[in-house]
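Here the structure is laid out as structure tokens; the discussion comes afterwards.
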Amino acid sequence: MFLPGTKNKKTMKKIFSKELVIGVCVIFALAMLFFGINYLKGVNLFKPANFYCVNYDNVAGLETAAPVIIDGYKVGQVRDIEFNYEKPGTIKVTLALNENLRVPEDSYAVIEQGLLNGASVVLRMGKSRNMIPVGGDIKGSLGKDMMGTVTGEIMPQVTDMLPVVNSLLANLNQTAANINTLSSNPALAVSIARLSEITDNLARLTASLNQSLGSGVPSIVSNTAHITTQLDSVARDLSVLSSELKSLPIAGTMDNVEATTANLRKMSDELNNPNGTLGLLMRDPELYRQLNRVTADIDSLIVDIKKNPKRYISIKLL
């Protein structure tokens, strides 16, 4: 005979059996594992996003959860990568972008390979006013590979530089050998000794100059002060002379000088005029000879008067 409630207890035991508890724990663990893996990948399943598809011929090492970047800012991530069986030869990449982002029709999703951080999708936004609907396809292209750039562009330049580097190293080795050879040359040792003597002489000369300057600076300073005093006196005298010159009637004096200059110019013009009196006197040779004769006659007359004064002077006594 069963007691009341015994049947209910047995039913509850069946519901909470060990198998059920283990199953719930396994489901919970799997769910935590799923969300944990996606969290570690950077996939946020609880954040709303808009999905777009891009078809590539080659994903170039692109992986799930790789960032989608616009102008260096992350706006989404790669949610899924799978082979497109509907279009053989292409790989379908699903992008989860921010729900507020609208993609123009002429935009491109470019895969760029980084040197250290792997591949990423760079979304180059177009300028079209028509937007790609959510779930639509974005045009895809493959950008330059960093390692390919290094190999294809930088390495040839490095290769071209290697002969120059080798030549420089050879020249350095030759220079070092020449230096070693010169170091064993006796003439070089003598030259170095002479340079050392010259340096010592310069040091002594500098010390002597410093000592001379130290002893002669006070006298130089006193002489400079005396000269400065004299210059001040000269400056004061020049100031007085300037004031006196300002008080002189320079204007009247200049007028007189100009009048005298005009008179001299007039006299010079008369002397240079061949028709004038002074011009005739200066240019007539006959007048010059007559004057010479008159001068000679006067001279002989004076001599005769000195010799025979009675002939010209008579003195009568009353």
Side-chain angles (χ1 to χ4, degrees), residues 25-162 164-165:
C25 291
V26 170
I27 293 172
F28 181 76
L30 290 175
M32 291 297 296
L33 180 63
F34 174 75
F35 286 107
I37 292 174
N38 283 284
Y39 177 77
L40 293 175
K41 288 182 178 180
V43 178
N44 188 355
L45 297 176
F46 299 101
K47 185 177 181 180
N50 294 331
F51 293 91
Y52 296 87
C53 296
V54 186
N55 292 313
Y56 295 103
D57 296 333
N58 187 351
V59 293
L62 185 68
E63 297 180 356
T64 304
V68 179
I69 301 170
I70 296 178
D71 297 331
Y73 182 78
K74 182 180 178 181
V75 295
Q77 59 186 182
V78 176
R79 183 59 60 88
D80 189 20
I81 301 175
E82 61 181 353
F83 187 81
N84 192 351
Y85 295 96
E86 295 178 359
K87 297 179 181 180
T90 61
I91 300 174
K92 182 180 178 180
V93 177
T94 303
L95 305 180
L97 304 180
N98 190 296
E99 61 177 351
N100 297 320
L101 181 65
R102 297 293 178 266
V103 183
E105 289 183 347
D106 55 347
S107 300
Y108 287 88
V110 183
I111 297 178
E112 291 189 356
Q113 183 72 32
L115 190 60
L116 298 176
N117 55 356
S120 61
V121 177
V122 177
L123 195 58
R124 303 191 187 279
M125 303 295 286
K127 298 182 179 180
S128 176
R129 294 185 178 181
N130 298 324
M131 302 299 167
I132 299 175
V134 177
D137 292 339
I138 302 175
K139 298 177 182 178
S141 64
L142 190 62
K144 290 184 177 180
D145 186 4
M146 292 295 295
M147 293 302 297
T149 302
V150 171
T151 305
E153 297 181 4
I154 299 177
M155 288 303 295
Q157 297 180 3
V158 174
T159 305
D160 294 337
M161 291 175 61
L162 286 177
V164 179
V165 174

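- Between L142 and N58, the closest heavy-atom pair is CD1-O, 3.8 Å.
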Under the criterion side chain to side chain contact (heavy atoms under 4.5 Å, CB included), I'd like the reasoning laid out for V121 against L62: C-alpha separation, chi angles, the key distance, then a yes or no. CA-CA 8 Å; V121 177; L62 185 68; 3.8 Å; yes
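- Residues K139 and S107 form no side-chain contact, since every pair of their non-hydrogen atoms from C-beta on lies 4.5 Å or further apart.
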One pair to check against side chain to side chain contact (heavy atoms under 4.5 Å, CB included): L101 and N50. What are the steps and the verdict? CA-CA 8 Å; L101 181 65; N50 294 331; over 6 Å; no
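- Smallest separation of non-hydrogen atoms from G126 and P104: O-CG, 3.5 Å.
- Taking 4.5 Å as the limit, some side-chain heavy atom of V68 sits within range of a side-chain heavy atom of L97.
- Counting heavy atoms from C-beta outward, V103 and I138 have side chains that approach closer than 4.5 Å.
- Judged purely by atom type and a 3.5 angstrom limit, D106 uses its side chain to pair as donor or acceptor with the backbone of K127.
- Shortest non-hydrogen contact noted between A119 and Q113 is CB-OE1, 3.3 Å.
- Considering only residues two or more places apart in sequence or on other chains, F28 meets the ring-ring contact (aromatic ring centres under 6.0 Å, His included) condition with none of them.
- Contact check for I132 versus Y52: side-chain heavy atoms found under the 4.5 Å cut-off.
- Nearest heavy atom pair, residue G140 against residue V54, reads CA-CG1, 3.6 Å.
- Dense packing is recorded around CD of E99, with more than 12 heavy atoms of other residues, nucleotides or ligands lying under 6.0 Å away.
- The SG atom of C53 sits 9.0 Å away from atom CG of D80, with the distance rounded to the nearest 0.5 Å.
- One distance of note links CD1 of I81 with NZ of K92; it measures 13.0 Å at 0.5 Å rounding.
- Using a distance-only test at 3.5 Å, with no hydrogens or angles considered, no donor-acceptor pair links the side chain of N55 to the main chain of T90.
- The environment of Y85 atom OH is sparse: at most 12 non-hydrogen atoms of other residues, nucleotides or ligands sit within 6.0 angstrom.
- By the ring-ring contact (aromatic ring centres under 6.0 Å, His included) test, Y73 pairs with no residue at all, sequence neighbours left out.
- For the residue pair R102 and M125, the shortest heavy atom distance occurs at O-CE, 3.3 Å.
- Residue-environment remark: CD (E82) exceeds the threshold of 12 foreign heavy atoms within 6.0 Å.
- F51 is not listed as a side-chain neighbour of L95, based on a closest heavy-atom distance of 4.5 Å or more.
- Within the 4.5 Å cutoff, side-chain heavy atoms of V59 are placed close to those of V93.
- Among residues two or more places apart in sequence or in another chain, the salt bridge (charged side-chain N to carboxylate O under 4.0 Å, His left out) test is passed with R124 by E112.
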Do Y56 and I111 pass the side chain to side chain contact (heavy atoms under 4.5 Å, CB included) test, and can you show the C-alpha distance, the side-chain angles, and the key distance before you say yes or no? CA-CA 9 Å; Y56 295 103; I111 297 178; 3.6 Å; yes
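- With a 4.5 Å cut-off on side-chain heavy atoms, Q77 and P67 do not count as touching.
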